[in-house]
Amino acid sequence: MLCSSEMGIALLIENSHNTYIQPYFDRMVFRSSTSLIGLLSLLILLLRPVSAIRLGLLIRRPSPELPHFREAPAFRNGQECGSSPDRVINVAMTLDANYLRGTMAAVLSILQHSTCPENLSFHFLTAHDDAPELFSSIKSTFPYLNMKIYRFECNRVRGKISKSIRQALDQPLNYARIYLADTIPEDVKRVIYLDSDLVVVDDIAKLWSVDMEGKVVAAPEYCHANFTLYFTDTFWSDPALAKTFKGRMPCYFNTGVMVMDVDTWRKEKYTEKVESWMAVQKQQKRIYHLGSLPPFLLVLAGNIKAVDHRWNQHGLGGDNFEGKCRSLHPGPISLLHWSGKGKPWLRLDSRKPCIVDHLWAPYDLYRSSRHFFEE
(Lines give C-alpha, C1' and ligand atoms only; values in the text may rest on other atoms or scores of the structure.)
Protein backbone atom coordinates (compact mmCIF):
# COMPACT_ATOMS: atom_id res chain seq x y z
CA MET A 1 0.00 0.00 0.00
CA LEU A 2 2.60 2.50 -1.08
CA CYS A 3 1.78 6.09 -1.91
CA SER A 4 3.10 8.29 -4.64
CA SER A 5 3.12 12.02 -5.23
CA GLU A 6 2.61 11.55 -8.96
CA MET A 7 -0.33 9.96 -10.71
CA GLY A 8 1.19 9.42 -14.17
CA ILE A 9 0.75 11.17 -17.51
CA ALA A 10 -2.99 10.57 -17.60
CA LEU A 11 -3.61 12.67 -14.50
CA LEU A 12 -2.44 16.21 -13.86
CA ILE A 13 -3.22 17.62 -10.44
CA GLU A 14 -3.48 21.38 -10.68
CA ASN A 15 -4.76 22.34 -7.24
CA SER A 16 -3.80 20.38 -4.13
CA HIS A 17 -5.75 22.60 -1.75
CA ASN A 18 -9.20 21.17 -2.44
CA THR A 19 -11.03 19.45 0.39
CA TYR A 20 -11.17 16.35 -1.74
CA ILE A 21 -9.98 15.31 -5.17
CA GLN A 22 -12.67 14.67 -7.77
CA PRO A 23 -12.95 11.21 -9.36
CA TYR A 24 -10.28 10.44 -11.93
CA PHE A 25 -12.91 9.16 -14.25
CA ASP A 26 -16.61 9.94 -14.10
CA ARG A 27 -17.52 7.45 -16.74
CA MET A 28 -15.76 4.90 -18.85
CA VAL A 29 -17.16 3.04 -21.82
CA PHE A 30 -15.44 -0.34 -22.11
CA ARG A 31 -15.79 -2.73 -25.00
CA SER A 32 -13.76 -5.87 -25.50
CA SER A 33 -13.42 -8.53 -28.17
CA THR A 34 -12.96 -12.21 -27.39
CA SER A 35 -9.31 -12.20 -28.47
CA LEU A 36 -6.24 -11.18 -26.53
CA ILE A 37 -6.31 -7.84 -28.30
CA GLY A 38 -9.68 -7.29 -26.68
CA LEU A 39 -7.92 -6.38 -23.45
CA LEU A 40 -7.08 -3.02 -25.02
CA SER A 41 -9.69 -0.78 -23.49
CA LEU A 42 -11.18 2.12 -25.33
CA LEU A 43 -11.61 4.58 -22.50
CA ILE A 44 -13.78 7.56 -23.26
CA LEU A 45 -13.21 10.00 -20.47
CA LEU A 46 -16.11 12.40 -20.16
CA LEU A 47 -14.95 15.54 -18.40
CA ARG A 48 -16.78 17.63 -15.87
CA PRO A 49 -15.72 21.19 -15.10
CA VAL A 50 -13.51 20.64 -12.07
CA SER A 51 -10.59 22.67 -10.82
CA ALA A 52 -8.66 19.84 -9.23
CA ILE A 53 -7.85 17.57 -12.15
CA ARG A 54 -7.41 17.74 -15.87
CA LEU A 55 -7.76 14.45 -17.76
CA GLY A 56 -6.72 13.48 -21.22
CA LEU A 57 -7.70 10.57 -23.46
CA LEU A 58 -6.21 7.36 -22.17
CA ILE A 59 -6.03 4.11 -24.09
CA ARG A 60 -4.70 1.42 -21.82
CA ARG A 61 -4.87 -2.31 -21.22
CA PRO A 62 -4.75 -3.72 -17.70
CA SER A 63 -1.16 -3.56 -16.50
CA PRO A 64 0.87 -6.76 -17.07
CA GLU A 65 2.10 -6.32 -13.49
CA LEU A 66 -1.42 -6.77 -12.15
CA PRO A 67 -3.11 -10.17 -11.98
CA HIS A 68 -5.58 -11.05 -14.75
CA PHE A 69 -9.20 -11.76 -13.95
CA ARG A 70 -12.09 -13.40 -15.74
CA GLU A 71 -14.86 -11.07 -16.82
CA ALA A 72 -17.82 -11.27 -14.47
CA PRO A 73 -21.33 -11.72 -15.84
CA ALA A 74 -23.66 -8.75 -16.05
CA PHE A 75 -25.96 -8.51 -13.05
CA ARG A 76 -29.29 -6.82 -13.73
CA ASN A 77 -32.06 -5.44 -11.55
CA GLY A 78 -35.21 -7.39 -10.89
CA GLN A 79 -38.58 -5.94 -11.83
CA GLU A 80 -39.18 -4.74 -8.30
CA CYS A 81 -36.13 -2.46 -8.44
CA GLY A 82 -36.49 1.24 -9.11
CA SER A 83 -33.81 3.49 -10.57
CA SER A 84 -34.44 6.73 -8.71
CA PRO A 85 -31.53 8.41 -6.87
CA ASP A 86 -33.00 7.49 -3.49
CA ARG A 87 -32.61 3.80 -4.39
CA VAL A 88 -28.82 4.07 -4.81
CA ILE A 89 -26.69 2.05 -2.36
CA ASN A 90 -23.21 3.55 -1.94
CA VAL A 91 -20.37 1.13 -1.18
CA ALA A 92 -16.86 2.40 -0.43
CA MET A 93 -13.64 0.36 -0.53
CA THR A 94 -9.94 1.04 -0.83
CA LEU A 95 -8.19 -0.07 -4.01
CA ASP A 96 -4.68 -1.48 -3.73
CA ALA A 97 -2.66 -3.72 -6.04
CA ASN A 98 -1.76 -6.10 -3.20
CA TYR A 99 -5.40 -6.64 -2.30
CA LEU A 100 -6.89 -6.38 -5.79
CA ARG A 101 -7.74 -10.07 -5.92
CA GLY A 102 -9.70 -9.73 -2.70
CA THR A 103 -11.48 -6.62 -3.99
CA MET A 104 -12.61 -8.47 -7.12
CA ALA A 105 -14.03 -11.32 -5.05
CA ALA A 106 -15.78 -8.90 -2.69
CA VAL A 107 -17.41 -6.95 -5.52
CA LEU A 108 -18.56 -10.16 -7.24
CA SER A 109 -20.10 -11.47 -4.03
CA ILE A 110 -21.97 -8.21 -3.44
CA LEU A 111 -23.37 -8.14 -6.98
CA GLN A 112 -24.24 -11.84 -7.03
CA HIS A 113 -26.34 -11.65 -3.87
CA SER A 114 -27.96 -8.28 -4.53
CA THR A 115 -31.61 -8.09 -5.57
CA CYS A 116 -30.96 -4.73 -7.26
CA PRO A 117 -27.28 -4.84 -8.36
CA GLU A 118 -27.64 -1.94 -10.80
CA ASN A 119 -28.56 0.30 -7.88
CA LEU A 120 -25.11 -0.19 -6.36
CA SER A 121 -22.59 2.63 -6.68
CA PHE A 122 -18.98 1.82 -5.78
CA HIS A 123 -16.52 4.42 -4.51
CA PHE A 124 -12.88 3.29 -4.59
CA LEU A 125 -10.13 5.15 -2.75
CA THR A 126 -6.58 4.64 -3.94
CA ALA A 127 -3.19 6.13 -3.13
CA HIS A 128 -1.23 4.69 -6.03
CA ASP A 129 0.39 6.08 -9.14
CA ASP A 130 -1.08 3.05 -10.96
CA ALA A 131 -4.66 4.20 -10.36
CA PRO A 132 -5.50 4.18 -14.10
CA GLU A 133 -4.35 0.56 -14.37
CA LEU A 134 -6.31 -0.44 -11.27
CA PHE A 135 -9.38 1.29 -12.64
CA SER A 136 -8.95 -0.41 -16.01
CA SER A 137 -8.58 -3.79 -14.31
CA ILE A 138 -11.81 -3.30 -12.36
CA LYS A 139 -13.68 -2.09 -15.44
CA SER A 140 -12.46 -4.93 -17.65
CA THR A 141 -13.66 -7.41 -15.03
CA PHE A 142 -16.95 -5.62 -14.32
CA PRO A 143 -17.78 -3.68 -17.53
CA TYR A 144 -21.20 -2.66 -16.24
CA LEU A 145 -20.15 -1.57 -12.77
CA ASN A 146 -21.25 1.86 -11.58
CA MET A 147 -18.06 3.14 -10.00
CA LYS A 148 -15.79 6.08 -9.33
CA ILE A 149 -12.21 6.25 -8.12
CA TYR A 150 -10.73 8.90 -5.84
CA ARG A 151 -7.26 9.94 -4.80
CA PHE A 152 -6.52 9.56 -1.11
CA GLU A 153 -3.85 12.05 -0.11
CA CYS A 154 -1.31 10.07 1.89
CA ASN A 155 0.32 13.23 3.23
CA ARG A 156 -2.80 13.90 5.30
CA VAL A 157 -1.98 10.93 7.50
CA ARG A 158 1.68 10.07 6.94
CA GLY A 159 2.98 12.07 9.91
CA LYS A 160 0.19 10.84 12.16
CA ILE A 161 0.85 7.08 11.86
CA SER A 162 2.63 5.31 14.69
CA LYS A 163 4.14 1.84 14.39
CA SER A 164 1.78 -1.02 15.23
CA ILE A 165 2.18 -4.77 15.73
CA ARG A 166 1.92 -5.55 11.99
CA GLN A 167 3.39 -3.60 9.08
CA ALA A 168 0.27 -3.92 6.91
CA LEU A 169 -1.65 -1.96 9.53
CA ASP A 170 0.76 0.97 9.23
CA GLN A 171 0.13 1.74 5.56
CA PRO A 172 -1.52 5.13 4.87
CA LEU A 173 -4.36 3.59 2.86
CA ASN A 174 -5.40 1.65 5.97
CA TYR A 175 -6.36 5.03 7.44
CA ALA A 176 -8.40 6.16 4.42
CA ARG A 177 -11.69 5.23 6.13
CA ILE A 178 -11.07 8.07 8.60
CA TYR A 179 -11.04 10.54 5.69
CA LEU A 180 -13.78 8.91 3.63
CA ALA A 181 -16.34 11.64 4.28
CA ASP A 182 -13.84 14.29 3.14
CA THR A 183 -12.91 12.38 -0.02
CA ILE A 184 -16.18 11.37 -1.64
CA PRO A 185 -18.61 14.00 -3.01
CA GLU A 186 -20.74 15.91 -0.51
CA ASP A 187 -23.97 14.76 -2.16
CA VAL A 188 -23.23 11.25 -0.85
CA LYS A 189 -24.85 11.21 2.58
CA ARG A 190 -24.50 7.57 3.61
CA VAL A 191 -22.09 4.83 2.62
CA ILE A 192 -21.25 1.24 3.52
CA TYR A 193 -17.50 0.94 4.05
CA LEU A 194 -16.06 -2.53 3.41
CA ASP A 195 -12.58 -4.02 3.62
CA SER A 196 -11.22 -5.96 0.64
CA ASP A 197 -10.74 -9.28 2.48
CA LEU A 198 -14.38 -10.29 2.73
CA VAL A 199 -17.31 -11.71 0.79
CA VAL A 200 -20.98 -10.87 1.19
CA VAL A 201 -23.40 -13.81 1.06
CA ASP A 202 -26.64 -11.90 1.57
CA ASP A 203 -28.40 -8.93 -0.02
CA ILE A 204 -26.41 -5.87 1.03
CA ALA A 205 -29.60 -3.80 0.84
CA LYS A 206 -30.52 -5.34 4.20
CA LEU A 207 -27.44 -3.78 5.79
CA TRP A 208 -28.02 -0.50 3.95
CA SER A 209 -31.55 -0.19 5.32
CA VAL A 210 -30.48 -0.21 8.98
CA ASP A 211 -32.05 2.53 11.08
CA MET A 212 -29.06 4.53 12.31
CA GLU A 213 -31.12 6.05 15.15
CA GLY A 214 -29.06 9.23 15.00
CA LYS A 215 -25.69 7.46 15.24
CA VAL A 216 -22.84 8.25 12.86
CA VAL A 217 -21.73 4.59 12.53
CA ALA A 218 -23.63 1.30 12.49
CA ALA A 219 -21.71 -1.98 12.84
CA PRO A 220 -21.78 -5.32 14.64
CA GLU A 221 -20.79 -4.73 18.25
CA TYR A 222 -18.96 -7.26 20.45
CA CYS A 223 -19.41 -6.51 24.12
CA HIS A 224 -18.07 -9.88 25.31
CA ALA A 225 -14.56 -9.00 24.10
CA ASN A 226 -12.00 -7.80 26.64
CA PHE A 227 -12.08 -4.13 25.68
CA THR A 228 -9.12 -3.22 27.90
CA LEU A 229 -6.75 -5.20 25.68
CA TYR A 230 -7.08 -2.70 22.83
CA PHE A 231 -5.19 -0.08 24.87
CA THR A 232 -1.94 -0.07 26.78
CA ASP A 233 -1.36 0.00 30.53
CA THR A 234 -0.15 3.57 30.01
CA PHE A 235 -3.63 4.52 28.83
CA TRP A 236 -5.51 2.86 31.68
CA SER A 237 -3.12 4.10 34.37
CA ASP A 238 -3.59 7.73 33.34
CA PRO A 239 -6.75 9.02 35.08
CA ALA A 240 -7.32 11.73 32.45
CA LEU A 241 -7.19 9.18 29.64
CA ALA A 242 -9.05 6.37 31.42
CA LYS A 243 -12.10 8.60 31.95
CA THR A 244 -12.51 8.86 28.17
CA PHE A 245 -15.21 6.19 28.29
CA LYS A 246 -17.02 7.63 31.32
CA GLY A 247 -20.76 7.60 30.77
CA ARG A 248 -20.76 5.02 27.98
CA MET A 249 -20.50 1.25 27.71
CA PRO A 250 -17.61 0.77 25.29
CA CYS A 251 -17.65 -2.34 23.14
CA TYR A 252 -15.33 -3.52 20.39
CA PHE A 253 -16.46 -3.14 16.78
CA ASN A 254 -14.56 -3.96 13.61
CA THR A 255 -14.04 -0.98 11.29
CA GLY A 256 -13.85 -3.21 8.20
CA VAL A 257 -17.65 -3.28 7.96
CA MET A 258 -19.47 -0.05 8.78
CA VAL A 259 -22.52 1.86 7.66
CA MET A 260 -21.44 5.50 7.93
CA ASP A 261 -23.55 8.62 8.03
CA VAL A 262 -20.88 10.62 6.22
CA ASP A 263 -23.06 13.74 6.19
CA THR A 264 -23.11 13.84 10.00
CA TRP A 265 -19.44 12.80 10.05
CA ARG A 266 -18.58 15.95 8.08
CA LYS A 267 -20.84 18.30 10.04
CA GLU A 268 -19.65 17.15 13.45
CA LYS A 269 -15.98 16.94 12.38
CA TYR A 270 -15.35 13.34 13.33
CA THR A 271 -12.17 13.24 11.27
CA GLU A 272 -10.62 15.80 13.60
CA LYS A 273 -11.84 13.88 16.64
CA VAL A 274 -10.12 10.68 15.47
CA GLU A 275 -6.98 12.60 14.47
CA SER A 276 -6.70 14.09 17.94
CA TRP A 277 -6.22 10.61 19.42
CA MET A 278 -3.72 9.73 16.70
CA ALA A 279 -1.75 12.79 17.77
CA VAL A 280 -1.69 11.62 21.39
CA GLN A 281 -0.36 8.23 20.26
CA LYS A 282 2.24 9.74 17.94
CA GLN A 283 3.47 12.75 19.88
CA GLN A 284 2.84 12.12 23.58
CA LYS A 285 2.55 8.52 24.75
CA ARG A 286 1.83 5.08 23.33
CA ILE A 287 -1.77 4.30 24.26
CA TYR A 288 -2.60 1.49 21.80
CA HIS A 289 -0.94 -1.18 19.59
CA LEU A 290 -3.16 -1.61 16.53
CA GLY A 291 -3.28 0.80 13.56
CA SER A 292 -6.45 2.71 12.69
CA LEU A 293 -8.89 0.77 14.91
CA PRO A 294 -8.16 2.15 18.43
CA PRO A 295 -8.72 5.85 17.61
CA PHE A 296 -12.09 4.84 16.14
CA LEU A 297 -12.89 3.03 19.38
CA LEU A 298 -11.80 5.99 21.49
CA VAL A 299 -14.23 8.27 19.67
CA LEU A 300 -17.13 5.94 18.94
CA ALA A 301 -17.10 2.82 21.14
CA GLY A 302 -20.32 2.70 23.13
CA ASN A 303 -21.95 5.24 20.82
CA ILE A 304 -22.74 3.33 17.63
CA LYS A 305 -25.82 1.63 16.28
CA ALA A 306 -25.35 -2.10 16.83
CA VAL A 307 -26.38 -4.39 13.98
CA ASP A 308 -26.67 -8.18 13.86
CA HIS A 309 -23.40 -10.11 14.17
CA ARG A 310 -24.25 -11.95 10.96
CA TRP A 311 -22.92 -8.89 9.09
CA ASN A 312 -19.33 -9.41 10.17
CA GLN A 313 -18.12 -12.97 10.72
CA HIS A 314 -14.66 -11.51 11.32
CA GLY A 315 -11.28 -12.91 12.36
CA LEU A 316 -11.14 -15.61 9.66
CA GLY A 317 -7.62 -14.50 8.77
CA GLY A 318 -6.40 -15.62 12.17
CA ASP A 319 -4.39 -13.55 14.63
CA ASN A 320 -2.23 -10.59 13.66
CA PHE A 321 1.05 -12.46 14.17
CA GLU A 322 0.75 -15.96 12.69
CA GLY A 323 -2.61 -16.02 10.90
CA LYS A 324 -3.55 -19.43 12.25
CA CYS A 325 -6.76 -21.03 11.06
CA ARG A 326 -10.00 -20.21 12.81
CA SER A 327 -13.41 -21.78 12.50
CA LEU A 328 -16.74 -20.06 11.99
CA HIS A 329 -18.66 -18.67 14.92
CA PRO A 330 -22.12 -20.22 15.46
CA GLY A 331 -25.16 -18.48 14.06
CA PRO A 332 -26.40 -17.13 10.70
CA ILE A 333 -23.90 -15.50 8.35
CA SER A 334 -24.36 -12.65 5.88
CA LEU A 335 -20.71 -11.57 5.55
CA LEU A 336 -17.44 -13.49 5.90
CA HIS A 337 -14.40 -11.38 6.81
CA TRP A 338 -10.77 -12.57 6.69
CA SER A 339 -9.52 -9.90 9.08
CA GLY A 340 -6.19 -10.78 10.61
CA LYS A 341 -2.89 -11.74 9.01
CA GLY A 342 -3.94 -14.69 6.82
CA LYS A 343 -5.65 -13.94 3.50
CA PRO A 344 -7.58 -16.68 1.68
CA TRP A 345 -6.02 -16.14 -1.76
CA LEU A 346 -2.50 -16.44 -0.35
CA ARG A 347 -3.28 -19.59 1.63
CA LEU A 348 -5.07 -21.17 -1.35
CA ASP A 349 -2.12 -20.42 -3.63
CA SER A 350 0.30 -21.92 -1.12
CA ARG A 351 -1.88 -25.06 -1.05
CA LYS A 352 -2.18 -24.68 2.70
CA PRO A 353 -5.70 -23.28 2.98
CA CYS A 354 -7.82 -23.15 6.07
CA ILE A 355 -11.22 -24.82 5.80
CA VAL A 356 -12.96 -21.42 5.78
CA ASP A 357 -10.88 -20.33 2.75
CA HIS A 358 -12.91 -22.67 0.57
CA LEU A 359 -15.91 -20.42 1.27
CA TRP A 360 -14.04 -17.55 -0.39
CA ALA A 361 -12.80 -19.54 -3.41
CA PRO A 362 -16.09 -19.55 -5.44
CA TYR A 363 -15.85 -15.76 -5.75
CA ASP A 364 -12.23 -15.74 -6.94
CA LEU A 365 -12.05 -14.35 -10.48
CA TYR A 366 -8.27 -14.65 -10.74
CA ARG A 367 -6.72 -16.48 -13.67
CA SER A 368 -3.03 -17.08 -14.08
CA SER A 369 -1.09 -15.66 -17.02
CA ARG A 370 -0.72 -19.18 -18.40
CA HIS A 371 -4.46 -19.73 -18.30
CA PHE A 372 -4.98 -16.31 -19.87
CA PHE A 373 -2.81 -17.04 -22.89
CA GLU A 374 -4.30 -20.49 -23.38
CA GLU A 375 -7.81 -19.10 -23.85
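Because the structure is predicted, anything quoted here is derived from the model rather than measured. Numbers for residues simply follow the sequence, beginning at 1.
Remark: of the listed residues V91, T103, L134, D96, T103 is the sole one forming a side-chain contact (heavy atoms from CB on, under 4.5 Å) with F124.
The stretch residues 282-364 participates, sequence neighbours left out, in these disulfide bond (SG atoms under 2.5 Å apart) pairs: C325-C354. Applying the side-chain hydrogen bond (donor to acceptor under 3.5 Å, both in side chains) test to pairs two or more places apart or on separate chains, those with a residue in residues 227-236 are N226-T228. Among pairs with a residue in residues 251-301, those fulfilling disulfide bond (SG atoms under 2.5 Å apart) read C223-C251, at least two apart in sequence or across chains. For residues 304-318, the salt bridge (charged side-chain N to carboxylate O under 4.0 Å, His left out) pairs, not counting sequence neighbours, are E213-K305. Within the structure, every pair that satisfies the salt bridge (charged side-chain N to carboxylate O under 4.0 Å, His left out) test and touches residues 237-257, not counting sequence neighbours, is listed here: D238-K285.
Side-chain contact, H113 with D203: no donor N or O sits under 3.5 Å from an acceptor N or O. H123 and Y150 form a side-chain donor-acceptor contact under 3.5 Å, judged by distance and modelled atom types alone.
Aromatic ring centres of Y363 and W338 lie farther apart than the 6.0 Å criterion allows. Ring centroids of Y175 and F152 are separated by 6.0 Å or more, keeping the two rings apart.
The two atoms that bring S196 and T94 nearest to each other are OG-O, 3.5 Å, heavy atoms only. Nearest approach of D261 to M212, heavy atoms of both residues: N-CE, 3.8 Å.
Using a 4.5 Å cut-off between side-chain heavy atoms of Ile, Leu, Val, Met, Phe, Trp and Tyr, with links allowed through other members, V201 and L328 fall into the same hydrophobic cluster. Taken together through direct or relayed side-chain contacts under 4.5 Å among Ile, Leu, Val, Met, Phe, Trp and Tyr, L120 and Y144 form parts of separate hydrophobic clusters. When the side chains of ILVMFWY residues are joined at heavy-atom separations under 4.5 Å, either directly or via intervening members, V88 and M260 end up in two distinct hydrophobic clusters.
Between the side chain of T141 and the main chain of F69, no donor-acceptor pair closer than 3.5 Å is present. One N or O on the side chain of Q313 and one on the backbone of H329 form a donor-acceptor pair closer than 3.5 Å. No side-chain donor-acceptor contact under 3.5 Å links E71 to the backbone of P143. Remark: side-chain polar atoms of R266 are not paired, donor with acceptor, to backbone N or O of T271 under 3.5 angstrom. R177 contributes a side-chain N or O that, together with a main-chain N or O of N174, makes up a donor-acceptor pair within less than 3.5 Å. Listed for the S137 side chain is no donor-acceptor partner under 3.5 Å among the backbone atoms of E133. Between the side chain of D195 and the backbone N or O of D197, no donor-acceptor pair lies under 3.5 Å. Within the 3.5 Å criterion, the main-chain N or O of L95 finds a donor-acceptor partner in the side chain of T126.
Between R70 and D364 no salt bridge is recorded (no basic side-chain N to carboxylate O distance below 4.0 Å). Salt bridge annotation for E118-R76: present, with a cationic side-chain nitrogen under 4.0 angstrom from a carboxylate oxygen.
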Inset, instruction - Walk me through it: do H314 and Y222 pass the test ring pair (Phe, Tyr, Trp, His ring centres under 6.0 Å)? - result: CA-CA 11 Å; H314 68 284; Y222 302 90; 4.6 Å; yes
Legend entry - Stepwise ring pair (Phe, Tyr, Trp, His ring centres under 6.0 Å) test for W265 and F296: CA-CA 12 Å; W265 185 283; F296 260 94; 5.8 Å; yes
Inset, instruction - Could you go through the salt bridge (charged side-chain N to carboxylate O under 4.0 Å, His left out) check for D357 and K352 one step at a time? - result: CA-CA 10 Å; D357 297 340; K352 297 179 180 179; over 6 Å; no
Legend entry - Full working for side chain to side chain donor-acceptor pair (under 3.5 Å) between Y270 and E275: CA-CA 8 Å; Y270 273 87; E275 282 184 327; over 6 Å; no
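V210 places a side-chain heavy atom less than 4.5 Å from the side chain of R190.
Relative orientation of the F245 and F227 rings is perpendicular, given thresholds of 30° and 60° on the angle between their planes.
In this structure, S114 has no side-chain hydrogen bond (donor to acceptor under 3.5 Å, both in side chains) partners at least two apart in sequence or on a different chain.
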